[in-house]
Amino acid sequence: MTTRLYHHPIFVEHLTGAGHPERPDRMKAVAAALEDEAFQHLDRVEAPEGTLEAIYRCHPEAFVRKIATAIPDEGLARIDNDTIVSPKSFSAAFHAVGAAMAGVDDVMSGAADNVFVASRPPGHHAESSTAMGFCLFNQAAIAARHAQAAHGLERVAIVDWDVHHGNGSQEIFWSDPSVLYCSTHQMPLYPGTGAKDETGAGNIVNAPLSAGDGGLAFREAFASRILPALEAFQPDLIIISAGFDAHRRDPLANLMLEASDFDQATAELMAIADKHCNGRLVSILEGGYDLEGLAVSTTAHVKRLMTG
């Protein structure tokens, strides 16, 4: 397997202030974990910039201008109570978008079998016209639209296992049956969306979990709801919103997953990708706020991407 890793120094320069859970140390923890000898054959590429044209497919131009003007010349500024930006934040988000787009291009061209995008800020809470939940632009959604616009794909699936529901991805594709959005997440929890009866145009599949649930419940949700939906949809590409804050150590939620659960979920999605879309799979980092939990989960996930 050829697995490509996208990274960039700019991701550490998105500053959020002392005590904020979505902090630069997250990137350092991921980078350190992937320096292990097991990852010596990982194809490492610096993330390119995205394009405004691609962002506009999911976010109106006026919204993008609003984010750009909110970026301070120095210090920190608040988009909302949770979402903080600093002078390099727009550039970081722009490179995160570019990495997600490049990952799609790579798996479509055969330059890589699959891709892991190690970027921040995360993206799945960003709605079409609202930045929230630490997120500015929705990288997974933009990648899906890029796959359709640049490569002519008819069916793109996004699978989101972040512990918080990806309200942004759901909102962007709510009425679009060409994109399947599947999510496991803790509920009730921020942002308050993600009930089973939220189905959009029949393309939204939510599998909420309860506080205290562990690997057994997570795997059952995959087996009973996520995997059958993917099989029925027969995607041309799978995008993972790979948040690792459902790990038992994470301070922002109460699920009890282990790294082995992410390994298993990765293997199952790779099997679906092999069956329906020539193995094409792009994984984009979302949450994960305990550094040890993030490191071990990322290790398991990327190792599985590399080995199949």
One pair to check against side-chain contact (heavy atoms from CB on, under 4.5 Å): Val205 and Lys196. What are the steps and the verdict? CA-CA 7 Å; Val205 179; Lys196 284 184 178 180; over 6 Å; no
Set out, in order, the CA-CA distance, both residues' side-chain angles and the distance that settles side-chain contact (heavy atoms from CB on, under 4.5 Å) for Val163 and Leu189, then state yes or no. CA-CA 9 Å; Val163 81; Leu189 192 67; 4.3 Å; yes
Given Glu61 and Lys66, is the salt bridge (charged side-chain N to carboxylate O under 4.0 Å, His left out) satisfied, shown in steps? CA-CA 9 Å; Glu61 183 176 353; Lys66 181 180 178 182; over 6 Å; no
Do His125 and Phe134 pass the ring-ring contact (aromatic ring centres under 6.0 Å, His included) test, and can you show the C-alpha distance, the side-chain angles, and the key distance before you say yes or no? CA-CA 8 Å; His125 291 309; Phe134 314 157; 7.6 Å; no
Could you check Leu255 against Phe218 for side-chain contact (heavy atoms from CB on, under 4.5 Å), going step by step and ending with a plain yes or no? CA-CA 9 Å; Leu255 294 187; Phe218 174 72; over 6 Å; no
Start with the C-alpha gap between Asn167 and Glu127, add the side-chain angles, then the distance that decides, and say whether side-chain contact (heavy atoms from CB on, under 4.5 Å) holds. CA-CA 7 Å; Asn167 59 294; Glu127 297 182 345; 3.0 Å; yes
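Without hydrogens or angle criteria, Asp36 side chain to Leu34 main chain gives no donor-acceptor distance under 3.5 Å. Not a single donor-acceptor pair under 3.5 Å links the side chain of His151 to the backbone N or O of Leu153. In this structure, the side chain of Arg304 engages the main chain of Gly308 through a donor-acceptor pair within 3.5 Å. Side-chain N or O atoms of Thr199 include none that pairs as donor or acceptor with a backbone N or O of Ile204 at under 3.5 Å. Under the 3.5 Å distance criterion, the side-chain polar atoms of Asp80 are matched with a main-chain donor or acceptor of Thr83. With hydrogens and angles ignored, the 3.5 Å screen pairs a side-chain donor or acceptor of Asn138 with a backbone N or O of Ala141. In this structure a side-chain-to-backbone donor-acceptor pair under 3.5 Å is missing from Ser297 to Leu294. At least one donor-acceptor pair under 3.5 Å links the side chain of Asp250 to the backbone N or O of Tyr289. Using a distance-only test at 3.5 Å, with no hydrogens or angles considered, a donor-acceptor pair links the side chain of Asp290 to the main chain of Glu292. Using a distance-only test at 3.5 Å, with no hydrogens or angles considered, no donor-acceptor pair links the side chain of Thr2 to the main chain of Ala112.
Counting only N and O atoms by type, the side chains of Thr266 and His301 include a donor and acceptor under 3.5 Å apart. Side-chain contact annotation: His14 with Ser89, donor-acceptor N/O pair under 3.5 Å present. In the model, Glu198 has no side-chain atom that pairs as donor or acceptor with a side-chain atom of Thr193 under 3.5 Å. Checking His164 against Asp245 by side-chain atom types alone, a donor-acceptor pair falls below 3.5 Å.
Less than 6.0 angstrom separates the ring centroid of Phe244 from the ring centroid of Phe262. In this structure, His276 has its ring center no closer than 6.0 Å to that of Phe233.
Other residues, nucleotides and ligands contribute only 12 or fewer heavy atoms inside 6.0 Å of the CD atom of Glu53.
For the residue pair His185 and Gly194, the shortest heavy atom distance occurs at NE2-O, 2.8 Å. Closest heavy-atom contact between Ala195 and Asn206: O-ND2, 3.2 Å. For Ser283 against Leu305, the heavy-atom pair with the smallest separation is CB-CD1, 4.5 Å. Across all non-hydrogen atoms, the minimal contact from Ala300 to Asp263 is O-OD1, 3.9 Å. Shown here for Ala33 and Thr299, the closest heavy-atom pair between the two residues is CB-OG1, 3.5 Å. Closest heavy-atom contact between Met27 and Ser119: CE-O, 3.8 Å.
Looking at Gln264 and Arg219, their side chains come closer than 4.5 Å, going by heavy atoms from C-beta outward. Side-chain contact between Leu15 and Leu76 is present, with heavy atoms from C-beta onward closer than 4.5 Å. The shortest distance between side-chain heavy atoms of Asp176 and Arg145 falls below 4.5 Å. Thr51 places a side-chain heavy atom less than 4.5 Å from the side chain of Met101. Proximity of Val115 to Thr3: side-chain heavy atoms (C-beta onward) are nowhere separated by under 4.5 Å. Residues Phe63 and Phe137 meet the side-chain proximity criterion, which asks for heavy atoms closer than 4.5 Å. Val296 is listed as a side-chain neighbour of His247, based on a closest heavy-atom distance under 4.5 Å. Proximity of Cys277 to Ile238: side-chain heavy atoms (C-beta onward) are separated by under 4.5 Å at one or more points.
Val179 and Ile226 are not part of a single hydrophobic cluster, where members link through side-chain heavy atoms under 4.5 Å apart. Hydrophobic clustering places Leu136 together with Ile142 (ILVMFWY residues linked when any side-chain heavy atoms are closer than 4.5 Å, directly or through intermediates). In the hydrophobic clustering of ILVMFWY residues, with side-chain heavy atoms under 4.5 Å counting as a link, Val97 and Ile79 come out together. Under the 4.5 Å side-chain heavy-atom criterion for Ile, Leu, Val, Met, Phe, Trp and Tyr, Met108 and Val156 are members of the same hydrophobic cluster. Linking ILVMFWY residues whenever their side-chain heavy atoms come closer than 4.5 Å, directly or via other members, leaves Trp161 and Met256 in distinct clusters.
Residue Leu237 forms a side-chain contact (heavy atoms from CB on, under 4.5 Å) with just one option from Val107, Ile158, Leu281, and that option is Val107. Partner of His95 under the side-chain contact (heavy atoms from CB on, under 4.5 Å) criterion, out of Arg120, Glu49, Glu46, His7: Glu49 alone.
Atoms CG and CG, on Leu230 and Leu269 in that order, are 6.5 Å from each other to the nearest 0.5 Å. Taken from CD in Gln139 to SG in Cys58, the straight-line distance is 10.5 Å, to the nearest 0.5 Å. Between atom CZ of residue Arg4 and atom CE of residue Met306 there is a gap of 13.0 Å, rounded to the nearest 0.5 Å. Expressed to the nearest 0.5 Å, how far CZ of Phe173 lies from OG of Ser178 amounts to 7.5 Å. Distance check: Glu22 CD to Asp82 CG gives 11.5 Å after rounding to the nearest 0.5 Å. To the nearest 0.5 Å, atoms CD (Gln234) and CG (Asp236) are separated by 9.5 Å.
Between His165 and Tyr181, the ring planes lie perpendicular to each other; the angle is over 60°, past the 30° to 60° tilted range. Between Phe90 and Phe94, the ring planes are parallel. Angles under 30° get that label, and only those over 60° would be called perpendicular.
Lys275 has a carboxylate O that lies under 4.0 Å from a charged side-chain N of Glu231, or vice versa, which qualifies the two as a salt bridge.
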